[in-house]
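What you see below is based on every heavy atom in this structure, not just the backbone, and it leaves out hydrogens, waters and symmetry mates. Remember, predicted model here, so these are calculated numbers, not experimental data.
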Amino acid sequence: MPAPVLAAYSYCEAVTGQQARNFAYGIRLLPTPKRRAMSALYAFSRRVDDIGDGVLADDVKVTRLDETRAVLARIQDGAVEEDDTDPVAVALADAARRFPIPLGGLDELIDGVQMDLRGETYETWDDLKVYCRCVAGAIGRLSLGVFGTEPGARGAERAPEYADTLGLALQLTNILRDVREDAEGGRTYLPADDLAKFGCAAGFNGPTPPEGSDFAGLVHFEVRRARALFAEGYRLLPMLDRRSGACVAAMAGIYRRLLDRIERDPEAVLRGRVSLPGREKAYVAVRGLSGLDARHVTRRTVRRRA
C-alpha cells in the first residue's frame, strides 16, 4: 500500500479510536482491510455529523455540507489521488476501490443532517423513519458493503434491508438516550403523535418529566419499538463471516444494553447521558467474537421455519 494511503488510513483510525465511543469496540474486531475501510467510513461520517452539531451559523453549516458533498462526488468519480491533501478522502477513495461500498449512502447522511438544519419535526413514526434511514440506516448499508455476506448465505438478498433496520434500532436508542440534550439544543425527534399520547408534548427541558405526563410509558413504548427493530435487524448476523458478525454484534449489543438501562430507569435520560462502562463494552465485544448472538439468531430462525 502506498505510504500516503497508509497514512490516510492511520489518520482515520485515530479519529475512530478517539471519537467512536461505542463503534470502536466493534471495528477493532475486524481484519485489517475491513477495519481500515470502516474507519474511513466513520471518519467521513464524523465530519458530516460534526458540521451539523457544531457551533457555526446555519448558513455556514450549509456551505460546509455542500463542500463535503463535493468531496464525496470526487470520491465517487474516482478523482481523488493518493497524494490529495484530505486524508479522509484518500482513505475512503481507496476503501471504495477495494470494497463494493454504496457511497450514495453518505449523500443520504448529508441529507439527514440538512433535515436537522431545517429544524424538521416528525408527526409519526413513519415520518421519523425517513430521517433515521438517512442518518443511520444508510450507515448500516454502507457497512454491509465492507462486511459482505457469506457465499451461499440463505436470504442474503435481504441483507441490506436488515442492515438498514439495525441502523434504525441504533438511532432510536440514540434518540431516547439524548432526549434531554437534544431538547436543550432545540431539537425534538420523537414523533409528535407519541408525545401527545403520553402527555409529553411540552417537551423535555428539565431533569423531571412534564407535569402530569406518563414519561415512563412513553419510554417503554419506544423501547419496545427499538427491540422489535433489533430483533429484525439481528437476522443479518448469520449472513456475515465470523469477524464481521462479531463487529455488528458488538456495536448492536452495546446499544441494546443501553436500551436495557433506559428501560429500567426511564428518567435517567432526563438527568444526563446514559452510558456503559468500558469493561462492559469490552465484554459485549468478546461476546460478539464468540458468535453467541449469531448462533442464537440462527436457532431462532430455524425454529420459526420448523
In terms of hydrophobic clusters joined by side-chain contacts under 4.5 Å, are Leu117 and Leu128 together? yes
Do Thr63 and Asp66 pass the side-chain hydrogen bond (donor to acceptor under 3.5 Å, both in side chains) test, and can you show the C-alpha distance, the side-chain angles, and the key distance before you say yes or no? CA-CA 5 Å; Thr63 299; Asp66 288 342; 5.6 Å; no
Donor-acceptor contact below 3.5 Å, side chain Arg98 vs main chain Pro33: no
Would Gln114 and Arg69 satisfy side-chain hydrogen bond (donor to acceptor under 3.5 Å, both in side chains), going step by step from the backbone distance to the final call? CA-CA 12 Å; Gln114 289 177 327; Arg69 203 187 289 274; 3.1 Å; yes
Under 4.0 Å between a Lys/Arg side-chain N and an Asp/Glu carboxylate O for Arg271 and Asp265? yes
Are the side chain of Lys34 and the backbone of Ser244 linked by a donor-acceptor contact shorter than 3.5 Å? no
Salt bridge check: are Lys61 and Asp53 linked by an N-O gap of less than 4.0 Å? no
Should the ring pair Tyr131 and Tyr122 be called parallel, tilted or perpendicular, given that the plane angle runs from 0 to 90° and is split at 30 and 60? tilted
Measure the CG-CG distance between Leu236 and Asp164 for me, rounded to the nearest 0.5 Å. 11.0 Å
How close do Ala249 and Val284 get, counting heavy atoms only, and between which atoms? O-CG1, 4.2 Å
Just by distance, do the side chain of Arg243 and the backbone of Leu29 share a donor-acceptor pair under 3.5 Å? yes
Run the side chain to side chain contact (heavy atoms under 4.5 Å, CB included) test on Arg180 and Val269 for me, step by step, so that the C-alpha distance in whole Å, both residues' side-chain angles and the decisive distance to 0.1 Å come before the verdict. CA-CA 7 Å; Arg180 168 81 183 279; Val269 299; over 6 Å; no
For atom CZ of Arg279, is the number of surrounding heavy atoms from other residues, nucleotides or ligands below 6.0 Å larger than 12? no
Rounded distance [0.5 Å steps], CG in Asp49 versus CG in Asp116: 9.0 Å
Contacts satisfying salt bridge (charged side-chain N to carboxylate O under 4.0 Å, His left out) that involve residues 191-211 (not counting sequence neighbours) are Asp194-Arg225
From CG (Asp241) to SG (Cys247), nearest 0.5 Å: 10.0 Å
Are Arg261 and Glu280 close enough for a salt bridge, meaning some N to O gap below 4.0 Å? yes
Given side-chain hydrogen bond (donor to acceptor under 3.5 Å, both in side chains), test Tyr9 with Asp94 step by step and report yes or no. CA-CA 9 Å; Tyr9 275 127; Asp94 185 79; 2.7 Å; yes
Could you check whether atom CZ of Arg273 has more than 12 heavy atoms from other residues, nucleotides or ligands sitting under 6.0 Å from it? yes
With ring pair (Phe, Tyr, Trp, His ring centres under 6.0 Å) as the test, pick out the partner of Phe198 among Phe204, Phe215, Phe221. Phe221
Please check: side-chain N/O of Arg74 versus main-chain N/O of Val80, any donor-acceptor pairing under 3.5 Å? no
Under 3.5 Å, side chain of Asp77 to main-chain N/O of Ala79, donor-acceptor pair present? no
Out of curiosity, Leu30 CG to Arg36 CZ, how far, rounded to the nearest 0.5 Å? 12.5 Å
Please confirm whether the backbone N or O of Pro210 pairs with a side-chain atom of Ser213, one donor and one acceptor, at under 3.5 Å? yes
Mind checking the CD1-NZ spacing from Ile254 to Lys281? Nearest 0.5 Å is all I need. 6.0 Å
The reported gap from CG in Asp260 to CZ in Arg227 (rounded to nearest 0.5 angstrom) is 4.5 Å
Lys129 side-chain N/O to Leu168 backbone N/O, donor-acceptor pair under 3.5 Å: no
